[in-house]
Amino acid sequence: MSAIIQAIRGMNDILPDQTELWQHLETTLKRVASSYGYQEIRFPIVEKTELFARSIGEVTDIVEKEMYTFNDRNGDSLSLRPEGTAVCVRAGIEHGLLYNQIQRLWYMGPMFRHERPQKGRYRQFQQLGVEAFGIASPEIDAEIILMTARLWRELGIDQQVVLHLNSLGSLAARAQYKIKLVEYFTQHHAALDEDSTRRLQTNPLRILDSKNPQMQALITAAPRLLEHLDAESQTHFDTLRKCLESAGLRYTLNPCLVRGLDYYNRTVFEWMTTETGAQNTVCAGGRYDGLVEQLGGAATPAVGFAVGLERIINLLATNNPIKVGQQPQAYFIMAGDLAKVQGLALIERLRNHLPQLILTVDCAGGNFKTQFKRADKSGATWALILGDQEISSHKIAVKYLREQKEQVLLSEAELIKFIEQQKV
């Protein structure tokens, strides 16, 4: 007997009893994004490795450790996409969508990172991404943050998430702040853990994002980025906060929120929850005004966010469960050779007239008792029965499976009218 082949660790199957919850989530996300005037864009799963090295930063954990990278037959270095923003920018530049234009875009699909799998963090994971290009004002930052708040309300999880907000300022102001931050942490070098020691030389702002409890007192006492903002960034951030407050959206000012990618500037935000374990960020985003130019396009202001769908699924399953496992409304039973020949043609005619009807046909055969057992187990409301007697009388028998009602015989036209009256 051959060995069983299993899925790759951290890359999970989504089974039929789970897909309805996923469809509910995806439908809601698409509907809300579209209602704000954002249009869907789709792009490849595989990109040139250079795209992520230039956008994310070569000294980030993602590029150094986590990307699935390989050389193709031409010797080109390719990577499975670890995030969507850089890919969206690449597509926008390549197809002339961004120059001197305003674009509101969204996308959804799998991303890939070679991390240690745990609840809420997988090697293949699903993301919704929303990006707005060509608008520099803080009002667009407010719009996309308010959109995320609407997503949580629509999904019924708004009480389980909290908005954290910060500003990274301009690139120049952040460079000056990094000098002060490195000086501070260098003075306390002995108190740094291994990750923070490494980040001190490569990406010191990420030390502020450390989850190590032993580092928190040191981080709390560190210089605050909000105290080193340039004047324009301060005005931008103040206006954003006023917009959110005017809309009644509560938030937590988090001076340690820095995000893990190099391309962010000014506004950064995360929605966090305490109900998903260590991976408590369900949505993250911010402004990245320099990325388009960095990837070869004309300077274009931009802002966006990404939602981790698995983490939202975990919240939905816990806090707002919906009925899953779509059941057939009718179950078709055929008995006899002639019924099997004529039955499928009859069913196709029914489907033509009743496209919303969920109807399962028993193709496994067996006697009436066996087929009725399968019909009952399916959860269907009615069993539709076609046997020799029904064929001779040009009727279909309808048996109620969930109610104590008499079985009825109906013509094909009568059956269509009967089902239509049930408002299926």
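Everything numeric here is computed off the predicted structure, so don't read it as measured data. Residue numbers start at 1 and run along the sequence shown.
In this structure, the side chain of T239 engages the main chain of T235 through a donor-acceptor pair within 3.5 Å. Using a distance-only test at 3.5 Å, with no hydrogens or angles considered, a donor-acceptor pair links the side chain of R81 to the main chain of P110. Judged purely by atom type and a 3.5 angstrom limit, R113 uses its side chain to pair as donor or acceptor with the backbone of P82. Of the possible polar contacts, one joining the Y184 side chain to the L218 backbone as a donor-acceptor pair under 3.5 Å is found.
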task: Could you go through the side-chain contact (heavy atoms from CB on, under 4.5 Å) check for M108 and Q126 one step at a time?
output: CA-CA 7 Å; M108 192 182 302; Q126 305 293 321; 5.8 Å; no
- request: Show the numbers, then the answer: is there a side-chain contact (heavy atoms from CB on, under 4.5 Å) between N71 and S77?
  value: CA-CA 4 Å; N71 290 330; S77 180; 3.7 Å; yes
Test log, rule side-chain contact (heavy atoms from CB on, under 4.5 Å), inputs L165 and R241: CA-CA 9 Å; L165 189 66; R241 294 176 64 182; 4.1 Å; yes
field: L315 vs W152, side-chain contact (heavy atoms from CB on, under 4.5 Å): CA-CA, chis, key distance, verdict
entry: CA-CA 10 Å; L315 279 178; W152 317 142; over 6 Å; no
- prompt: Going through the checks in order, is the side chain to side chain donor-acceptor pair (under 3.5 Å) test met by Y38 and E143?
  reply: CA-CA 11 Å; Y38 288 69; E143 177 183 273; 2.7 Å; yes
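One finds the OG atom of S378 at 7.0 Å from the CG atom of L401 (value rounded to the nearest 0.5 Å). Put simply, CG on D158 and OG1 on T148 are 11.5 Å apart, with the number rounded to the nearest 0.5 Å. In this structure, CD1 on I396 lies 12.0 Å from CZ on F418, to the nearest 0.5 angstrom. For the atom pair CG of L386 and CZ of F332, the computed distance is 4.5 Å after rounding to the nearest 0.5 Å. N12 CG to Q124 CD: the interatomic distance, rounded to the nearest 0.5 Å, is 8.5 Å. In this structure, CD on Q159 lies 10.5 Å from CZ on R153, to the nearest 0.5 angstrom.
The environment of Y99 atom OH is sparse: at most 12 non-hydrogen atoms of other residues, nucleotides or ligands sit within 6.0 angstrom. Shown here is I8, whose CD1 atom has no more than 12 heavy atoms of other residues, nucleotides or ligands within 6.0 Å. Counted within 6.0 Å of CZ on R402, heavy atoms from surrounding residues, nucleotides or ligands total more than 12; the atom is thus considered enclosed. The number of heavy atoms from other shown groups lying within 6.0 Å of CD (E139) is above 12.
Side chains of E270 and T281: a donor-acceptor N/O pair is present below 3.5 angstrom, by distance only. Counting only N and O atoms by type, the side chains of R266 and S233 include a donor and acceptor under 3.5 Å apart. In summary, the side chains of E131 and Y107 do present a donor paired with an acceptor at a separation below 3.5 Å, with no hydrogens or angles considered.
Qualifying salt bridge (Lys or Arg N to Asp or Glu O under 4.0 Å) partners for R374, counting only residues two or more places apart in sequence or in other chains: D362. Listed by chain and number, the residues in a salt bridge (Lys or Arg N to Asp or Glu O under 4.0 Å) with E50 are R54 (sequence neighbours excluded). For F70, there are no ring pair (Phe, Tyr, Trp, His ring centres under 6.0 Å) partners, not counting sequence neighbours. When the side chain to side chain contact (heavy atoms under 4.5 Å, CB included) test is applied to Q234, the partners found at least two apart in sequence or on another chain are L229, D238. Residues passing the salt bridge (Lys or Arg N to Asp or Glu O under 4.0 Å) test with R116: none are found, sequence neighbours excluded.
Among all heavy-atom pairs drawn from L309 and Q127, the shortest one is CD1-C, 3.7 Å. Contact between C256 and N166 at its shortest, heavy atoms only, is N-ND2, 4.5 Å. Across all non-hydrogen atoms, the minimal contact from S55 to L291 is CB-CD1, 3.6 Å. Of all non-hydrogen atoms in E293 and A299, the two that sit nearest each other are OE1-CB, 3.7 Å. The two residues E154 and T28 make their nearest non-hydrogen contact at CB-CG2, 3.8 Å. Looking at every heavy atom in both residues, G134 comes nearest to T300 through N-CG2, 3.7 Å.
When side chains are defined from C-beta on, V282 does not count as touching V307, because their heavy atoms never get closer than 4.5 Å. Looking only at side-chain heavy atoms (C-beta outward), S34 and W106 come within less than 4.5 Å of each other. At a threshold of 4.5 Å between non-hydrogen side-chain atoms, the residues Q294 and Y288 do not count as touching. Between L163 and I145, some side-chain heavy-atom pair lies under the 4.5 Å cut-off. N254 places none of its side-chain heavy atoms less than 4.5 Å from the side chain of F269.
The residue from T69, D72, L51 that alone fulfils the side chain to side chain contact (heavy atoms under 4.5 Å, CB included) condition with L78 is D72.
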Please tabulate, one pair per line, all N/O donor-acceptor pairs under 3.5 Å involving side-chain atoms of residues 333-350, not counting sequence neighbours.
| from | atom 1 | to | atom 2 | distance (Å) |
| --- | --- | --- | --- | --- |
| R349 | NE | E412 | OE1 | 3.2 |
| R349 | NE | E412 | OE2 | 2.8 |
| R349 | NH2 | E412 | OE1 | 2.9 |

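Classified by interplanar angle (parallel below 30°, tilted 30° to 60°, perpendicular above 60°), the ring pair Y177/H228 is tilted.
Salt bridge annotation for R287-D141: present, with a cationic side-chain nitrogen under 4.0 angstrom from a carboxylate oxygen.
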